[in-house]
Structure formats: structure tokens, C-alpha cells
Amino acid sequence: MKKIVIAIDGYSACGKSSTAKQVAALLKYKYVDSGAMYRSVTLYFLEHYVDMDNPKSVARALSEIDITFHRHETTGQNETFLNGLNVEKEIREMRISDNVSQVSTIKAVREAMVSLQKKMGKSKGIVMDGRDIGSVVFPTADLKIFMTADFDVRAERRQKELFDKNELVDLDDVKANLKKRDLIDTTRAESPLIKPEDAIVVDTTHMFFKEQVEHIVQLAGSRMLRM
Ligand code: CDP
Ligand code: CDP
């Protein structure tokens, strides 16, 4: 069967990455977490005190950044590496979540990431999730999903996810972070989060994780049959 490109966009913590990962595993596709790339840039900027308002400093920092994904030998999961170092855990911390949306508004950052993402999707058979995948990175993606869920449900899911990774964060702080990021992500000048016209909305509020995975795999199957 022909391989397709699947783009999953949407708000924070509605299940994009976990679902995309599982869909990719079931279809034996490559999975790319584009958010992990923006998070890695943010980690580098914070650790190197990059002046985000200075285009020269931003350009220099971007030229020093190398982001790759490698499969973990035992878990089989893709992990994010920044300049050869595994940063998978670090980039999920709240200090990164608190700054990532601001960093992601910078045009040069977006151009660098989009160019890398397009290269990753050159051969089909890919699931990528983020904010601008269906609108900017792969505007001709065969299947576009716009994922959403009620705000409170998203906040509780994210808090639990952080708790499972031993990071205890107050629910109000999680809510404040999601609210702030959703606002920046949907209103920024450069490739804001939008629902592309041809995207299918999947509201995961009342869905079990397994259900949303099966739903997307079915949608992918029907797209493949049409090709
Ligand atoms: O997992 P969560 O939804 O919280 O966030 P993420 O997918 O890891 O993305 C972190 C942040 O990176 C988002 O809030 C956006 O500001 C930015 N991002 C973006 O601008 N474009 C993308 N394609 C992916 C992420
Ligand atoms: O990528 P995004 O920020 O949209 O969300 P995620 O990190 O994939 O998912 C946030 C958390 O919600 C994860 O711990 C998922 O296992 C969980 N979850 C879900 O994705 N779907 C459900 N129906 C229930 C929980």
C-alpha cells in the first residue's frame, strides 16, 4: 500500500504526540515530534543566554544547533538529541514550557525548523505533530488532523504526565502555562496555530487513548485506499 504523510496539529496536551507516536508505530511509519525541536532550541537559548531580540545572536545560535532523533535500544521510542546529547527528559520540564512559545515566535527559528522538518518528510510514511504541520510544513499532507480537548481535561492530563515524570506542578501553574502558550501559538505573526480547511477535527475530551489512535489509523487506511 502507498505510504502517506499524516499531519497532526492542535493545542497543548490534547494527546497529539502520544497519539502520533502510536499511530506511527502501528503503521510502521517514522514519527517526528516537531515540538521537541522547538523545545530543544529553547533549551539551547536558555543555557547559552541567547539574546532573543538580537537577530545576529539568534542566527549564530541556530548555526550551532544540531537536532537529531534516535531510537532508544530497549524502549524503541524516538528520543531527542541536541548537539549529540540526549535531552528528551530535560526539554519536557516546566522551565522549557515556560519559554518555548516565545522562542517559537522568532521567524529565523521557524525557518530553520521548518526546513529541517521538510527534509525529514521527503520520503513519505511519516507522522508529524505540532502547530503548523498541516498549514506550513506539509500543506499537501494526505491526512490532516486538528486535535482538541476541553481545557480542564488537557491541564489535568499534562499535570499527570509531569507527575509521572517526577515533576510535581500545581494545577493552576499548568493551566496558566497552557493558557499562555495557546494564546501565543494562535496569535503569533509567523505560522500561527490554525485549523487548515481540509483538516479533520478530533476532540479527545471523552475519548480513550486507544479510541483516538484507532480513529486516526482508520482515517489513514481510507486515505491510502483512495490513492
Ligand atoms: O506537548 P505540548 O503540546 O505541550 O507542546 P509541544 O508540541 O512540545 O510544543 C511546544 C511549543 O513549541 C508549542 O507550544 C509551540 O509554541 C511550539 N511549536 C510550534 O510553534 N510549532 C510546532 N510545529 C510545534 C511546536
Ligand atoms: O502532544 P500533546 O501535548 O497534544 O499531548 P500528549 O503529550 O500526547 O498527551 C498528554 C497526555 O494525555 C499524555 O500523558 C497522554 O497519555 C494523555 N491522554 C491522551 O493523550 N489521550 C487521552 N484520551 C487520555 C489521556
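Read the numbers this way: they start at 1 and go in the same order the structure lists the ligands and their atoms.
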**Q** With respect to Asp142, which candidate in Arg226, Arg223, Lys124 satisfies the salt bridge (charged side-chain N to carboxylate O under 4.0 Å, His left out) definition?
**A** Lys124

**Q** Examine Tyr44 together with Tyr49 and report whether their ring centres are nearer than 6.0 Å.
**A** no

**Q** Distance under 4.0 Å to a non-hydrogen atom of Phe208: what atoms of ligand 2 satisfy this?
**A**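 Going through ligand 2 atom by atom, the ones under 4.0 Å from Phe208 are 23 (N).
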
**Q** Any atoms of ligand 2 less than 4.0 Å from a non-hydrogen atom of Gln212? List them with their elements.
**A** 19 (C), 20 (O), 21 (N), 22 (C), 23 (N)

**Q** Should Asp132 and Arg110 count as an ion pair when the cut-off is N to O under 4.0 Å?
**A**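 Looking at Asp132 and Arg110, the cut-off is met.
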
**Q** Assess the side chains of Asp51 and Ser57: does a donor N or O sit below 3.5 Å from an acceptor N or O?
**A**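 The answer is no; no qualifying pair exists.
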
**Q** Can you pull the residues with any heavy atom under 4.0 Å from ligand 1?
**A** Ser12, Ala13, Lys16, Ser34, Gly35, Tyr38, Arg39, Val100, Ser101, Ser104, Arg110, Gly130, Arg131, Asp132, Ile133, Arg158, Arg181, Asp185, Arg188

**Q** Keeping the roles fixed (side chain from Asp66, backbone from Asn83), state whether a donor-acceptor pair exists under 3.5 Å.
**A**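 Not at all, since once roles are kept as given, no pair shorter than 3.5 Å links the two residues.
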
**Q** So does Phe151 get a backbone contact from the side chain of Tyr11, meaning a donor-acceptor N/O pair under 3.5 Å?
**A** no

**Q** Could you give me the CA-CA distance, side-chain angles and deciding distance for Lys3 and Met224, then say whether side chain to side chain contact (heavy atoms under 4.5 Å, CB included) is met?
**A** CA-CA 7 Å; Lys3 294 204 164 195; Met224 287 176 213; over 6 Å; no

